[in-house]
Amino acid sequence: MKIASVIVDVPTKQTDRPFDYLVPDEWDEVIQPGMRVIVPFGPRKIQGFVTEIKTESEVKQLREMIEPMDLEPVLNKELLHLGEWLTETTLCFKIFAYQAMLPAALKAKYEKKVKLAPGMKEECLPEAIQSFFINNNSLDWDKALKNGLVSILQREAAKGFLEVVYVVKERVKKKQMKVVSPLMSTADLKIEMERLPSNAEKQKQVLHFFLDHPNPIELRQLLAEANASTATVKALVEKKLLSEEEMEVYRDPFEHRIFEHSTPLPLTSAQADVIEPILASIESEKHEVFLLYGVTGSGKTEIYLQSIQKVIEKGEEAIVLVPEISLTPQMVNRFKGRFGDLVAVLHSGLSAGEKYDEWRKIQRKEVKVVVGARSAIFAPFENIGIIIIDEEHETSYKQEDMPRYHARDVAIERAKTYHCPVVLGSATPSLESFARAQKKVYQLLTLSSRMNERPLPSVEIVDMREELRAGNRSMFSRKLFEMLKDRIEKKQQSVLFLNKRGHSSFVMCRDCGYVVNCPNCEISLTYHRAGSRMKCHYCGYEDHIPKACPECSSEYIRYFGSGTQKVEEELGKILPEARVIRMDVDTTGRKGSHERLLKDFQDGKADILLGTQMIAKGLDFPNITLVGVLSADTMLHLPDFRSSEKTFQLLTQVSGRAGRHQLPGEVVIQTYTPEHYSIELAGTQNYAFFYHREMMMRKLHHYPPFYYLVLITLTHENLMSVVSETEKIVNFVRSQVSNQAVILGPAASPIPRINNRYRYQCLIKYKREPHLTRILKKILDQYQTETKNGLQVSIDINPFILM
DNA sequence: CTTGGGGACCAC
DNA sequence: TGGTCCCCAAGT
């Protein structure tokens, strides 16, 4: 018998290795590496991934696998291999690496049930539980738990009356439809029709229908059109005149949408210069990484589209990554418009089933292009010709939980295998990427002017301290107010951008300034309008908003509603004539509302679009001539070495929304720290200056791109032990690395307690430590195996958030 | 002498 | 991760 090595769905250190199973003869021809299988594991049944088929095993007592879950592998060879690479580079469990590559729908769901043992009747059971088994012979374990039946059930199971069964289930079923087709030519069908008994009126009617429409037809449609019933069709199927088949159908999220077809636009000479090396790389099948640095509105997307065109012409495939928030219908339309049905879209707005169907299209090679957020980098193509990462600097490309990968790294790894180019596009490249381009690791391609020579908008920075001194206590500076008013008169549109951080909706006492914190986590609770409650977004703690302040008993305790709501109210007071569309989590919650709000704005149903991060990207409407940033510095003072970079990027992105077409654009940035270089330089939109300035800071403080980072976080219920264990780790690391490395810690995490567990961390900054991975593995081996002390260790290599 | 809770160990 | 086995402490 063949033997299959299987990675089982149990994420622990001890099970993070292949387990061998015998392949039953009936599956001998079927089982292949990359398939999901159901295997017995201890007393349960669980899902696993076959990584290898072999003929021998060191283990003597092998068990047989139960059954395959797929007819064809869900992971191809390359992806299986990529999984190993992911495991090595991010130090995660293999099972997490494989699961990350597949749509969530393919992650198994487990059910535990209690059934009557074979040959047993419910009468054998104690009366108290008989009723549960009268009609249905099985009882869900959760239900038993809720009813407090566990111990009695266990007793009966021990006596042999009941048995516990485990079921591995698919999360989403393939959507099927029944299709009926004739099994013979029209002529033969006619002969058969006449042979039918004269009383088979209905059957004749159905066959008659097929004489006119000999093509396969959906059962539902057939029934309606031929005015027949399922019984009739079944009779004909049994007579072998017709056939009835299940066919897989896709849920098409874009089914009823018409895409305006677009053709390649003539390139400007700057664009032509930039696309040339990319096309050359595609042509010569050479792996290269390009950093496409192009100011907002410089036509990067057209470069992407025409590069993809070339790749498709070569019979190869393209992956396009776009940050989740800019994966707007507008963006999708550009790709669907150019490549039509050859495009699959993967983003979080789709249901699990829809995502699965898009993924299936990729797997079955029915599409050539996938446009999607981070996880789309694992699209199961086998002939990749280009990988494009738009808005390369976006932090959402880094996954914050296991596997802690960066899509850019995965892209480069895959592109190496396929000998194809990677294009990183941005108007504000990350320092890491730009530095690599400077060192010629990446090839820099620059688009320095906007298409049709539109000037960049003029930017004015307003010092809000001055406003305060002049007696203006509102959140709108006089300048911004004047300009908003002006735009309304001119019937032009404005965009107001509110940085969410700092305006988050916490609950605060207006008398003493007391902020309501989570009792389990050291973090303020966020206000939720539904039911007027406050929630902790780390541990799920929930409570009513107190009537009075717990500190000073003042009744002036209130929530600071989502910043945008407040702005909207104030706008209503000072500019009552303005029509405002607000976009934030509250107004875009429902599916499709995001799209609808934007459509309304585009159609001129409002003068002002007010929103958070989600409006910073991709908006491209001709009538926008003013962009206002209400408070530029809210994210500047976060404890994050990238906060300056993020601020600069965000301000530049938002500014880029204005004046993209005929009308010139203006930008107003309000701030309390106008002298900060990231704000000042965002004002002049001077990336080069910002880059140099920020690089100096990074060098000075030993941060990327000069140093690499590794963040080790320990959590424990007991403050003393977490500190002392972190200390041990710090000392251990220190003893193992060269003296070039900087080791910080033990230090409390920026969120020092989550869910009653204290969090301490150790930050390693290093330039070159060839043995570091080995050292880190050693730490994980130590702590992930030691279950006794309840200490949890997590390691983030190249972290983005230092929390 | 039973019961139940907690920790160590195991799973091809 | 879930299960079982084993030990210990409290309860009938």
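Keep in mind that this is a model prediction, so the values were computed, not measured. So you know, we letter chains A, B, ... as the sequences are listed, proteins then strands, and number each from 1.
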Remember a base hit wins even if backbone is also touched, and classify [X] as base, sugar-phosphate or nothing at under 4.0 Å, heavy atoms.
{"X": "A/Pro18", "value": "nothing"}
{"X": "A/Tyr166", "value": "sugar-phosphate"}
{"X": "A/Phe41", "value": "base"}
{"X": "A/Lys112", "value": "sugar-phosphate"}

Starting at SG of A/Cys518, measure out to CG of A/Asn756 and round the result to the nearest 0.5 Å. 7.5 Å

side-chain hydrogen bond (donor to acceptor under 3.5 Å, both in side chains) between A/Asn755 and A/Asn520, intermediate numbers included: CA-CA 5 Å; A/Asn755 226 341; A/Asn520 310 319; 4.6 Å; no

Nearest whole angstrom, please: distance from the [atom2] of [N] to the [atom1] of [X].
{"X": "A/Lys2", "N": "B/dC12", "atom1": "NZ", "atom2": "P", "answer": "22 Å"}
{"X": "A/Ile66", "N": "B/dC12", "atom1": "CD1", "atom2": "P", "answer": "11 Å"}
{"X": "A/Leu62", "N": "B/dA11", "atom1": "CG", "atom2": "P", "answer": "13 Å"}
{"X": "A/Asp9", "N": "C/dG2", "atom1": "CG", "atom2": "P", "answer": "10 Å"}
{"X": "A/Ile7", "N": "C/dT1", "atom1": "CD1", "atom2": "C1'", "answer": "16 Å"}
{"X": "A/Lys45", "N": "C/dT1", "atom1": "NZ", "atom2": "P", "answer": "22 Å"}
{"X": "A/Arg63", "N": "B/dC10", "atom1": "CZ", "atom2": "P", "answer": "16 Å"}
{"X": "A/Glu111", "N": "C/dG2", "atom1": "CD", "atom2": "C1'", "answer": "16 Å"}

From the set [options], return the single nucleotide nearest to any side-chain atom of [X].
{"X": "A/Pro11", "options": "C/dT1, B/dA11, C/dG3", "result": "C/dT1"}
{"X": "A/Thr15", "options": "B/dC12, B/dA11, C/dT1", "result": "B/dA11"}
{"X": "A/Arg17", "options": "C/dG3, B/dC12, B/dA11", "result": "B/dC12"}

A/Tyr418 ring centre to A/Arg414 NZ or CZ under 6.0 Å, with the angle to the axis within 45°? no

Taking the inter-plane angle between the rings of A/Phe800 and A/His406 on a 0 to 90° scale, is it parallel (under 30°), tilted (30 to 60°) or perpendicular (over 60°)? tilted

Between A/Glu88 and A/Lys777, is a salt bridge (Lys or Arg N to Asp or Glu O under 4.0 Å) present by the stated rule, with each step listed? CA-CA 10 Å; A/Glu88 277 301 302; A/Lys777 271 188 184 163; 3.1 Å; yes

Is the distance from OP1 or OP2 of C/dG2 to the nearest side-chain N or O of A/Arg44 less than 4.0 Å? no

